[in-house]
Amino acid sequence: MNQRPLVIKFGGTSVGYGAAFLRAAKIAAGAAKDRPVAVVVSAMSGTTDALLDFAASATRTTGGEPPRTSSTGATREGSLAGLHRTLARRHLRAAREAVPEEFLADVEERLHGILGRLIQTAGAPANDHVARKDAVVSFGERLSAEILAGSISGFGAPAAVIAADPIATDASFGEAEVLVDETRSRAGEYVRPLLEAGRVAVAPGYVGRGPGGVVTTLGRGGSDLSATVLGRALGSSEVWILSDVDGVLDADPDLIPSAALIPNLSYREAGQFASLGAKVLHPRTMEPASAARMEVRVGSTFNPDSPGTLISGHEGGPGVRSVALRRNLAMTHVTRDEAEYAFCILGSDADGLKVLADGATTAAVVGVGTPTDEDLLLGLRCLHNAGIRTLWAGNTCAGLVFAVDEAEAEAALRAVYTGLIPVETAAAMEEVA
Ligand code: ADP
Ligand code: ASP
Ligand code: MG
């Protein structure tokens with residue numbers, strides 16, 4: 001294998017139903033014509049929530065044991081059967097829609113095997129309920145990985161799910177820390193042989209293996225992180241993160257419907273924006289990418305011709321590239337030790353360190369990029385023109401912060417967005433069109 005493997009990650013909405021699996025599979029098979037490809041896949045959208053709800057209800061009702069009877073009178077066997085039925089119906093249907101006849105029986109058999117192991121794991125008595133929760137929730141990704149592998153094979157690129165989870169972690173269940181060297185050796189053992197045999201290697205995202213082989217997870221949305229972790233372990237130079245949006249947009253599209261695609265971002269900017277809640281990327285995705293200097297392309301499974309956002313080590317010029325909103329804060333004074341838990345430090349005065357920390361009264365609109373003094377003044381003017389009082393404004397390690405009253409959070413976001421984000425991107429695109 002003399003070419004560096006490409007890692008492609010498909011999120012939950014990219015595999016939310018049969019036809020979506022087909023689109024994802026076609027992209028992976030197309031890429032595999034030119035170079036070795038490893039695929040990281042999330043659970044079908046909604047599956048992780050269903051598994052977490054099941055695990056939580058078991059812990060709530062019985063302190064950990066799966067409930068013998070729930071508050072509604074359902075038995076433990078009844079709710080396990082319900083979970084099995086729901087997941088079987090959904091995954092078998094997607095498999096029938098996405099996997100051709102030739103590979104279907106094999107995929108169905110594997111899905112039944114995984115569902116059987118899930119029910120065994122979810123129904124068995126457990127000493128460590130936190131550990132069991134991770135084991136239960138990992139099955140969402142295991143199921144979707146089998147369907148996607150069958151579907152990719154159907155496009156003429158032989159694919160297989162890796163025999164063992166490649167990402168090694170510590171034992172921090174629910175938010176495990178990746179162990180870099182151990183992951184490299186597991187990837188060498190379980191992923192590389194498939195790639196060398198000319199296969200597309202499909203790995204369940206989000207899932208890791210802790211000490212003694214115990215199943216762990218990387219935190220909600222963690223498949224993005226799985227992709228860059230695997231890329232680093234395989235010596236990749238490129239990772240694609242494919243979702244249901246065209247790339248990283250310059251604001252959350254739910255809050256700013258006119259948010260536009262950002263063509264290029266630096267690792268620093270993407271990491272900072274993700275930490276502020278840009279959901280398209282797990283906050284830690286950029287750590288392995290930046291350490292190994294891998295380019296990350298964020299794009300859409302549903303619009304593969306869109307160029308997406310290219311994230312690299314290249315820093316753009318001065319200016320604000322994106323705007324985020326952080327809610328539920330309070331402006332307060334803390335000691336030096338407490339400051340490490342604050343959202344950001346605003347400065348120090350006679351009362352100690354002034355910070356924005358968890359609370360209920362204040363929101364922060366945050367500009368990410370390389371903000372200048374003009375950006376600060378412009379933002380202040382926009383807020384003033386919108387009739388919004390700024391409680392504090394300035395450059396912090398979280399970005400260019402405008403603190404406002406919580407009740408004015410969204411209006412403040414719109415005002416700062418309109419003032420600080422240049423309309424060039426949209427205008428340039430219209431020109432090209
Ligand atoms: P996936 O299932 O592919 O991992 P996610 O739901 O985790 O996808 O992330 C994609 C979603 O993130 C988008 O549908 C969009 O609503 C939301 N989102 C929030 N902020 C941004 C942003 N700045 N750019 C792009 N998407 C964003
Ligand atoms: N399936 C997991 C979640 O819903 C991981 C992911 O989608 O990235 O959080
Ligand atoms: Mg996600």
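In each ligand, atom 1 is the first atom listed, and ligand 1 is the first ligand listed.
Closest heavy-atom approach to atom 27 (C) of ligand 1 among the candidates S223, P253, A259, A324: P253. Summarising the contacts of atom 9 (O) of ligand 1 with D224, D244, V280, V248, the nearest heavy atom is found in V280.
The shortest N or O to N or O distance between K9 and ligand 2 is not below 3.5 Å. Checked by distance only, ligand 2 and Y206 stay at 3.5 Å or farther apart across all their nitrogen or oxygen atoms. Checking only distances, G12 never comes within under 3.5 Å of ligand 2, N or O to N or O.
Between R414 and E408 there is no salt bridge, since no side-chain nitrogen of the basic residue lies less than 4.0 Å from a carboxylate oxygen of the acidic one. The pair R284-E175 fails the salt-bridge criterion, with no side-chain N (NZ, NE, NH1 or NH2) lying under 4.0 Å from an Asp/Glu carboxylate O. A salt bridge is defined here as a Lys NZ or Arg NE, NH1 or NH2 lying under 4.0 Å from an Asp or Glu carboxylate O, and D128 with R132 fails to meet this definition. Classification of E97 and R93 as a salt-bridged pair holds, one side-chain N sitting under 4.0 Å from a carboxylate O. Here D49 pairs with R220 in a salt bridge; the nearest charged N to carboxylate O distance falls below 4.0 Å. With respect to R186 and E189, no salt bridge is recorded, no charged nitrogen being found less than 4.0 Å from a carboxylate O.
Side-chain contact annotation: S138 with R209, donor-acceptor N/O pair under 3.5 Å absent. T216 and D134 form no side-chain donor-acceptor contact under 3.5 Å, judged by distance and modelled atom types alone. Between the side chains of Y190 and D165, no donor-acceptor pair of N or O atoms lies under 3.5 Å. No hydrogens or angles considered: a donor-acceptor pair under 3.5 Å links the side chains of S266 and E315.
Counting heavy atoms closer than 4.0 Å to ligand 2, residue S223 contributes atoms from both its backbone and its side chain. Residue contacts with ligand 2, taken as heavy atom pairs separated by less than 4.0 Å, do not involve H282 at all. Contacts of H282 with ligand 1, taken as heavy-atom pairs under 4.0 Å, are absent altogether.
Annotation for ligand 2: atoms under 4.0 Å from non-hydrogen atoms of E141 are 1 (N), 2 (C), 5 (C). Counting the atoms of ligand 2 from 1 in the order shown, those under 4.0 Å from a heavy atom of S42 are 6 (C), 7 (O), 8 (O). Interface of F273 with ligand 1, defined as ligand atoms under 4.0 Å from a residue heavy atom, comprises 23 (N). Listed by number with element, the atoms of ligand 1 under 4.0 angstrom from any heavy atom of T13 are 2 (O). The ligand atoms of ligand 1 that sit less than 4.0 angstrom from a heavy atom of G12 are 1 (P), 2 (O). Close approach of ligand 2 to R220 is summarised as follows: ligand atoms under 4.0 Å from at least one heavy atom of the residue are 3 (C), 4 (O), 9 (O).
Looking only at heavy atoms of the protein, atom 7 (O) of ligand 1 is closest to K279 O, 3.6 Å. Among protein heavy atoms, atom 25 (C) of ligand 1 sits closest to G247 O, 3.4 Å. Closest protein heavy atom to atom 4 (O) of ligand 1: K9 NZ, 3.0 Å. The nearest heavy-atom contact from the protein to atom 24 (N) of ligand 1 is L249 N, 2.9 Å. With hydrogens left out, the protein atom closest to atom 8 (O) of ligand 1 is S243 OG, 3.1 Å, a heavy atom. In terms of protein heavy-atom proximity, atom 20 (N) of ligand 1 is closest to D252 CA, 3.6 Å.
Ligand 1 lies within reach of A251, whose nearest heavy atom is under 4.0 Å from it.
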